[in-house]
Asker: 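The structure is given below, and queries will be raised subsequently.
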Amino acid sequence: MFEFKFSDEQNMLRETVRDFTNNEIKPIASKIDQEGMIPKELIRKMAELGFLGISFPEEYGGGGFGEVGYCIMQEEIARGCMSTATFIGAHQSIGTNALFIGGTEEQKKKFIPPLAAGEKIAAFGLTEAQAGSDSFHLKTHAEVDGDEWVINGEKLWITNGGIADIISLFARTEKGITLFAVETDRPGFKAGPPEKKMGIRGSVTNALSFENVRVPKENLIGQEGRGFIYAMKTLDAGRLGLGAACLGVSKELLELSTKYAKERIQFDHPIAQFQAIQFMLAEMAVMIYNMESIVYRTAVDYDLHKDISRQSAMVKYYCSESLDKIVDYAVQIHGGMGYSQELPIERIYRDSRINRIFEGTNEIQKGIIARDIIKKSGRL
Ligand code: MYA
């Protein structure tokens, strides 16, 4: 018999993160949005609770909860604040995970513990002005000079770029795209001002420039020329975590919408009694059930070290498209109140839209899915 069931430990993790979100994140989520930053104090508290390295094995200072645990945590964090979920995702799921995926044993032992403990913050440096969807054609480059690599180039749209201590940086060398760990206190590194965005305003996004930035040879992560594969493998996990965050906020929206529909009286009846509203709630619930099913099925496979490239592209595509429909229904059900800044719905509406764009646009995800289907002659 196959049973879909979380362990006691996983349920406890969910409870812990949910309490934290209710007590520490929800009360300041609107402030985070308005002030365009996540308070250092909140980051410190999350670090203390082990949230910033929850997925990594304990031997590298992580929580040992794997991808399933990471997805549970991101679901609960996103219920309160998508800016905070984005900060965590950029730090843990792609920034640090790239070093974990590509690094040698020695490099993992060196770089992962301070990041998993949240003593240092990471960012993922792949995107450039002319290398967004076409990430393979990035131009940032690195040349050897004695015992060091010298890096030159510009990165764009880097989440956490302006607050990171370490960038997992993808640069071109003679042997192809290569991953480097670049500490941001090295001379020649500069972060531009935070971008002004439609949503996830508390998550900082910056352009970065590298002008003759020197790193020791040991900062070349894994094998020279293997960087693109490391980037793609990292994004496999990142896209899955993004799906989990979409799932969490969708659950929050369904709860808020149901509560409101039961309380709001029109034509002498709670609007929950009207079929037009019921159909929206039903569609939201169906999408959430589907999202939950694919997120955790894929997370289990990731923890079993299976290749999840197609599945995580499906998760990212389906969950972000569903969230957009769900948040739109939530606004509709709440009517004028859904459009007002008095409730969190308006902020969630703005925050949701990015999920169809970052970690690879949904058009790129469909391309990845289609290529795999064609390669396997239609067999899943
Ligand atoms: S990070 C930036 C995101 N950027 C992207 O996602 C870029 C999108 N582009 C691509 O994914 C690739 O360029 C595509 C590659 C797919 C188009 N595992 O021939 P190729 C190998 C292992 O397919 P291309 C961001 O936004 C492949 O076999 N290997 O290349 C973060 C081949 O190898 P070989 C793989 O045609 C924002 C080689 O690579 C994989 O150029 C912050 C080349 O491949 C793989 N998976 O197309 C986010 N794939 O040559 C924070 C390929 O040996 C999020 N290969 O045969 C936080 C969470 C959200 C919270 C929000 C609140 C709700």
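Read the numbers this way: they start at 1 and go in the same order the structure lists the ligands and their atoms. Values reported hereafter were calculated over all heavy atoms of this structure, with side chains retained and with hydrogens, waters and symmetry mates removed. All figures in this text were calculated on a predicted structure; none of them were measured in a lab.
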Asker: What residue and atom, counting heavy atoms only, is the protein's closest point to atom 25 (C) of ligand 1, and at what distance?
Answerer: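 Nearest neighbour among protein heavy atoms for atom 25 (C) of ligand 1, to 0.1 Å: Glu359 N, 3.5 Å.
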Asker: Closest non-hydrogen protein atom to atom 40 (C) of ligand 1, residue and atom name please, with distance?
Answerer: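 For atom 40 (C) of ligand 1, the nearest protein heavy atom is Met232 CB, 3.3 Å.
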Asker: Run down the list Phe228, Phe170, Trp157 and name the one with the heavy atom closest to atom 30 (O) of ligand 1.
Answerer: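 Going through Phe228, Phe170, Trp157 one by one, Phe228 has the nearest heavy atom to atom 30 (O) of ligand 1.
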Asker: Should Gly241 be listed as contacting ligand 1, given a heavy-atom distance under 4.0 Å as the test?
Answerer: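 For ligand 1, residue contact (heavy atoms, under 4.0 Å) with Gly241 is absent.
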Asker: Quick one: nearest non-hydrogen protein atom to atom 58 (C) of ligand 1, plus distance?
Answerer: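 Here the closest protein heavy atom is Leu242 CA, 4.0 Å.
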Asker: Looking at Lys251 and Glu255, does any basic side-chain N land under 4.0 Å from a carboxylate oxygen?
Answerer: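 No, this pair does not count.
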Asker: Of the side chain and backbone of Ile354, name the one, both, or neither that has a heavy atom under 4.0 Å from an atom of ligand 1.
Answerer: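 Neither part.
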Asker: For atom 18 (N) of ligand 1, grab the closest protein heavy atom and report residue, atom and distance to one decimal in Å.
Answerer: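 So the nearest neighbour among protein heavy atoms is Lys233 CG, 3.8 Å.
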Asker: State plainly whether the residues Arg201 and Asp351 are in salt-bridge range, i.e. N to O under 4.0 Å.
Answerer: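 Salt bridge absent between Arg201 and Asp351.
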Asker: Any non-hydrogen protein atom below 4.0 Å of atom 50 (O) of ligand 1?
Answerer: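 It does not: no protein heavy atom is found less than 4.0 Å away from atom 50 (O) of ligand 1.
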Asker: How about Glu346 and Ser340: does a side-chain donor come under 3.5 Å of a side-chain acceptor?
Answerer: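 Short answer, no.
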Asker: Report the member of Ala123, Ser133, Ser250, Gly89 with the shortest heavy-atom distance to atom 8 (C) of ligand 1.
Answerer: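 The residue whose heavy atom sits nearest atom 8 (C) of ligand 1 is Ser133.
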Asker: Please could you name the atoms of ligand 1 that Gly360 approaches to less than 4.0 Å, counting only its heavy atoms?
Answerer: 3 (C), 4 (N), 5 (C), 6 (O)
Asker: Any N or O on Asp134 sitting closer than 3.5 Å to an N or O of ligand 1?
Answerer: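 No, Asp134 has no N/O under 3.5 Å of an N/O on ligand 1.
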Asker: Identify the protein heavy atom lying closest to atom 20 (P) of ligand 1, giving its residue, its atom name and the separation to 0.1 Å.
Answerer: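 So the nearest neighbour among protein heavy atoms is Arg371 NH1, 3.9 Å.
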Asker: Between Arg44 and Glu41, is there a side-chain N and carboxylate O pair less than 4.0 Å apart?
Answerer: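 The answer is yes: the pair qualifies as a salt bridge.
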Asker: Under a 4.0 Å threshold between the charged nitrogen and the carboxylate oxygen, would Glu283 count as salt-bridged to Lys325?
Answerer: no
Asker: Does Lys217 come within less than 4.0 Å of Glu148, counting only side-chain N to carboxylate O?
Answerer: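 No.
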Asker: Relative to ligand 1, is Leu323 under 4.0 angstrom through side chain, backbone, both or neither, heavy atoms considered?
Answerer: neither
Asker: Salt bridge or not for Lys259 and Glu263, using N-O below 4.0 Å?
Answerer: yes
Asker: Counting the benzene-type ring for Trp, do Phe124 and Phe170 have ring centres under 6.0 Å apart?
Answerer: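 Between Phe124 and Phe170, the centre distance is under 6.0 Å.
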Asker: Taking Glu75 first and then Arg79, would you say they form a salt bridge - that is, a charged N and a carboxylate O separated by under 4.0 Å?
Answerer: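 Salt bridge: no.
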Asker: Where is the nearest protein heavy atom to atom 41 (O) of ligand 1: which residue, which atom, and how far?
Answerer: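 Looking only at protein heavy atoms, the one closest to atom 41 (O) of ligand 1 is Phe136 CB, 3.6 Å.
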Asker: What protein heavy atom is closest to atom 46 (N) of ligand 1, reported as residue, atom name and distance in Å?
Answerer: Ser309 OG, 2.9 Å
Asker: So that I can tick it off, tell me whether Arg297 and Asp301 are bridged by a salt bridge, with the cut-off set at under 4.0 angstrom between side-chain N and carboxylate O.
Answerer: no
Asker: If you measure every N or O of Thr127 against every N or O of ligand 1, does any of those distances drop under 3.5 Å?
Answerer: no
Asker: Under 4.0 Å from atom 27 (C) of ligand 1, is there any protein heavy atom?
Answerer: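 Given the 4.0 Å limit, the answer for atom 27 (C) of ligand 1 is no, no protein heavy atom qualifies.
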Asker: Would Val249 count as a contact of ligand 1 if the rule is a heavy atom under 4.0 Å away?
Answerer: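 So Val249 does not count as touching ligand 1.
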Asker: So is Gly132 touching ligand 1 or not, going by heavy atoms under 4.0 Å?
Answerer: yes
Asker: Considering both backbone and side-chain atoms of Gln74, is one of its nitrogen or oxygen atoms within less than 3.5 Å of a nitrogen or oxygen in ligand 1?
Answerer: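 In this structure, Gln74 places no N or O atom under 3.5 Å from an N or O of ligand 1.
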Asker: Go through the steps to decide whether Glu183 and Arg186 satisfy the test salt bridge (charged side-chain N to carboxylate O under 4.0 Å, His left out), and finish with yes or no.
Answerer: CA-CA 6 Å; Glu183 294 88 351; Arg186 292 191 180 274; 2.7 Å; yes
Asker: Show your working on salt bridge (charged side-chain N to carboxylate O under 4.0 Å, His left out) between Arg310 and Asp372 and close with a plain yes or no.
Answerer: CA-CA 7 Å; Arg310 169 170 45 79; Asp372 191 64; 2.4 Å; yes
Asker: Can you tell whether the side chains of Lys190 and Glu211 come within less than 4.0 Å, N to carboxylate O?
Answerer: no
Asker: May I ask you to identify, for Ile94, whether its side chain, its backbone, both or neither come under 4.0 Å of ligand 1 on a heavy-atom basis?
Answerer: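 The answer is the side chain.
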Asker: Applying a 4.0 Å heavy-atom criterion (strictly less than), which segment of Phe124 is in contact with ligand 1: side chain, backbone, both, or neither?
Answerer: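 Phe124 to ligand 1: side-chain contact only, backbone stays beyond 4.0 Å.
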Asker: Under 4.0 Å from any heavy atom of Ala245, which atoms of ligand 1 are there?
Answerer: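 Under 4.0 Å from Ala245, ligand 1 has these atoms: 60 (C), 62 (C), 63 (C).
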Asker: Nearest non-hydrogen contact with atom 11 (O) of ligand 1 belongs to which option: Gln365, His137, Arg239?
Answerer: Arg239
Asker: Does the side chain of His334 come under 3.5 Å of the side chain of Gln332 through a donor N or O and an acceptor N or O?
Answerer: no
Asker: What's the shortest distance from atom 21 (C) of ligand 1 to any protein heavy atom, and which residue and atom give it?
Answerer: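 Of the protein heavy atoms, Ile229 CD1, 3.5 Å lies nearest.
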Asker: Centroid separation under 6.0 Å, is that true for the rings of Phe56 and Phe100?
Answerer: yes
Asker: Distance under 4.0 Å to a non-hydrogen atom of Thr159: what atoms of ligand 1 satisfy this?
Answerer: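 Counting from 1, the qualifying ligand atoms are 37 (C), 42 (C).
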